[in-house]
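Down below is the structure, laid out as structure tokens.
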Amino acid sequence: MTFTLKGPVLEGTLVRLEPLGHQHAGDLAVAAEEDRGAFTFTWVPRADEVGGYIDAQLERQAAGRLAPYAQVDRASGRAVGVTAYWDPRLWPGGDRLCAVEIGFTWLGGSARGTGVNTESKLLLFGHAFESWGVARVDLKTDARNERSRAALEKVGARFEGVLRRWSPSWAPGEDGLLRDSAMFSVIAEEWPQCRARLVRLLEARGGAEAPGAPTKRR
């Protein structure tokens, strides 16, 4: 059987990752307009563009290249951002997943610093390594995006270097240009240490109970 990239519901203490759909559009329209100053290097739709954004993500999903999620804050029940698995790579000559990237991630301003991003990474990494059995999870960001780079290092991803002119730029005024991409990863051998790090970060928040088993599927 050929591997099909399809992300299940993943539920933690702070956040529930739900497959993205138009039922999330209203909440995401609100989240997308919160503190847009943080989106300098990441394209985030305006409120009136969210419907088209979801359509585009679902088209990528239908092509087998993307498993998009809404990040739903469990306390309020509102979708506060998005994330995704994408760019799946199989073992040479096989049908088992070897590696996958986590990307297309953004959060509304009110959700930043709440632990939602940390727990989302715990859930996504956990499912990739423990259920799919991947050897590697990739992450990348604009090399100029110091905030994003610091966040990736904080959750335990290892910086691997900068690939010059690697990805389309999302910075204002740079349409049609390529950016330098800072590349990060977590490999299977590092996952236990990375998982412990993420759990400690969640526990340190105070009042948030880090999940003992990070993946729940239905």
Side-chain angles (χ1 to χ4, degrees), residues 1-17 19 64-69 71 81-107 115-143 145-164 166-167 180-205 208-218:
M1 177 183 295
T2 301
F3 176 83
T4 300
L5 184 63
K6 183 176 181 181
V9 173
L10 301 173
E11 190 158 355
T13 301
L14 302 173
V15 65
R16 183 173 62 255
L17 300 181
R65 303 299 298 168
L66 186 79
Y69 280 106
Q71 300 185 75
V82 298
T83 191
Y85 289 120
W86 80 294
D87 194 21
R89 301 197 304 281
L90 303 183
W91 288 100
D95 58 8
R96 291 191 303 116
L97 188 66
C98 173
V100 71
E101 183 165 338
I102 293 172
F104 288 93
T105 302
W106 58 265
L107 280 174
V116 165
N117 178 64
T118 301
E119 192 173 61
S120 289
K121 293 299 190 293
L122 176 62
L123 295 167
L124 291 165
F125 286 148
H127 185 72
F129 286 116
E130 297 168 14
S131 295
W132 286 336
V134 300
R136 171 187 170 97
V137 171
D138 305 327
L139 308 101
K140 68 175 181 285
T141 188
D142 192 305
N145 192 340
E146 296 295 337
R147 179 197 296 264
S148 178
R149 291 176 64 161
L152 292 176
E153 291 179 350
K154 183 177 181 180
V155 300
R158 180 174 297 187
F159 174 61
E160 295 182 323
V162 173
L163 295 181
R164 298 179 298 168
W166 181 254
S167 305
D180 295 347
S181 289
M183 312 299 290
F184 292 79
S185 71
V186 178
I187 61 174
E189 292 83 356
E190 297 166 345
W191 167 233
Q193 182 178 0
C194 178
R195 184 190 187 283
R197 179 190 184 102
L198 290 166
V199 169
R200 286 196 302 271
L201 287 171
L202 288 169
E203 290 174 340
R205 290 189 67 256
E209 181 181 349
T215 56
K216 294 185 180 180
R217 301 174 293 281
R218 67 174 182 232

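Fair warning: this is a prediction, and the values are worked out from it, not measured in the lab.
- Between Phe125 and Leu139 there is a side-chain heavy-atom pair separated by less than 4.5 Å.
- Here CG of Leu10 is found 10.5 Å from CD of Glu119. Values are rounded to the nearest 0.5 Å.
- Here the rule is side-chain contact (heavy atoms from CB on, under 4.5 Å) with Tyr69, and of Thr83, Val9, Val15 only Thr83 fits it.
- Taking every heavy atom of both residues into account, Val186 and Gly156 meet most closely at CG2-O, 4.0 Å.
- The two residues Gln71 and Leu107 come nearest to each other via the heavy atoms NE2-CD2, 3.5 Å.
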In sequence, state the C-alpha distance, the side-chain angles, and the governing distance for Arg197 and Val155, and then conclude on side-chain contact (heavy atoms from CB on, under 4.5 Å).
CA-CA 7 Å; Arg197 179 190 184 102; Val155 300; 6.0 Å; no
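- At most 12 heavy atoms of other shown residues, nucleotides or ligands fall within 6.0 angstrom of atom CH2 in Trp166.
- Applying the side chain to side chain donor-acceptor pair (under 3.5 Å) rule to pairs touching residues 149-158 yields Arg158-Glu190, sequence neighbours excluded.
- Looking at Trp132 and Val137, their side chains never come closer than 4.5 Å, going by heavy atoms from C-beta outward.
- More than 12 heavy atoms of other shown residues, nucleotides or ligands fall within 6.0 angstrom of atom CD in Glu160.
- Expressed to the nearest 0.5 Å, how far CG of Leu97 lies from OG of Ser131 amounts to 11.5 Å.
- Between Leu123 and His127 there is no side-chain heavy-atom pair separated by less than 4.5 Å.
- In this structure, the side chains of Leu14 and Leu202 come closer than 4.5 Å at one or more pairs of heavy atoms.
- The OG atom of Ser185 sits 11.0 Å away from atom CD of Glu101, with the distance rounded to the nearest 0.5 Å.
- Aromatic ring pairs are classed by plane angle as parallel below 30°, tilted from 30° to 60° and perpendicular above 60°; the pair Phe184 and Phe159 is tilted.
- Applying the side-chain hydrogen bond (donor to acceptor under 3.5 Å, both in side chains) criterion to Asp138, with sequence neighbours excluded, gives Arg89, Arg136.
- Looking at every heavy atom in both residues, Pro88 comes nearest to Gly64 through CG-O, 3.8 Å.
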For Trp191 and Val134: C-alpha separation, side-chain torsions, deciding distance, then whether side-chain contact (heavy atoms from CB on, under 4.5 Å) applies.
CA-CA 11 Å; Trp191 167 233; Val134 300; over 6 Å; no
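- Taking the six-membered ring where the residue is Trp, Trp86 and Phe104 present perpendicular rings, their angle passing 60° and hence far from 30°.
- Contact record, Phe129 with Ile187: CE2-C, 3.7 Å, taken as the closest heavy-atom pair.
- Here the closest non-hydrogen pair linking Glu146 and Ala143 is OE2-O, 4.3 Å.
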Carefully, step by step, assess Leu17 and Ser120 under the rule side-chain contact (heavy atoms from CB on, under 4.5 Å).
CA-CA 7 Å; Leu17 300 181; Ser120 289; 3.6 Å; yes
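- When all heavy atoms are compared, the tightest approach of Ala84 to Leu66 is CB-CD1, 3.6 Å.
- Rounded to the nearest 0.5 angstrom, Asp180 CG and Leu163 CG are separated by 9.0 Å.
- At a threshold of 4.5 Å between non-hydrogen side-chain atoms, the residues Thr105 and Lys121 count as touching.
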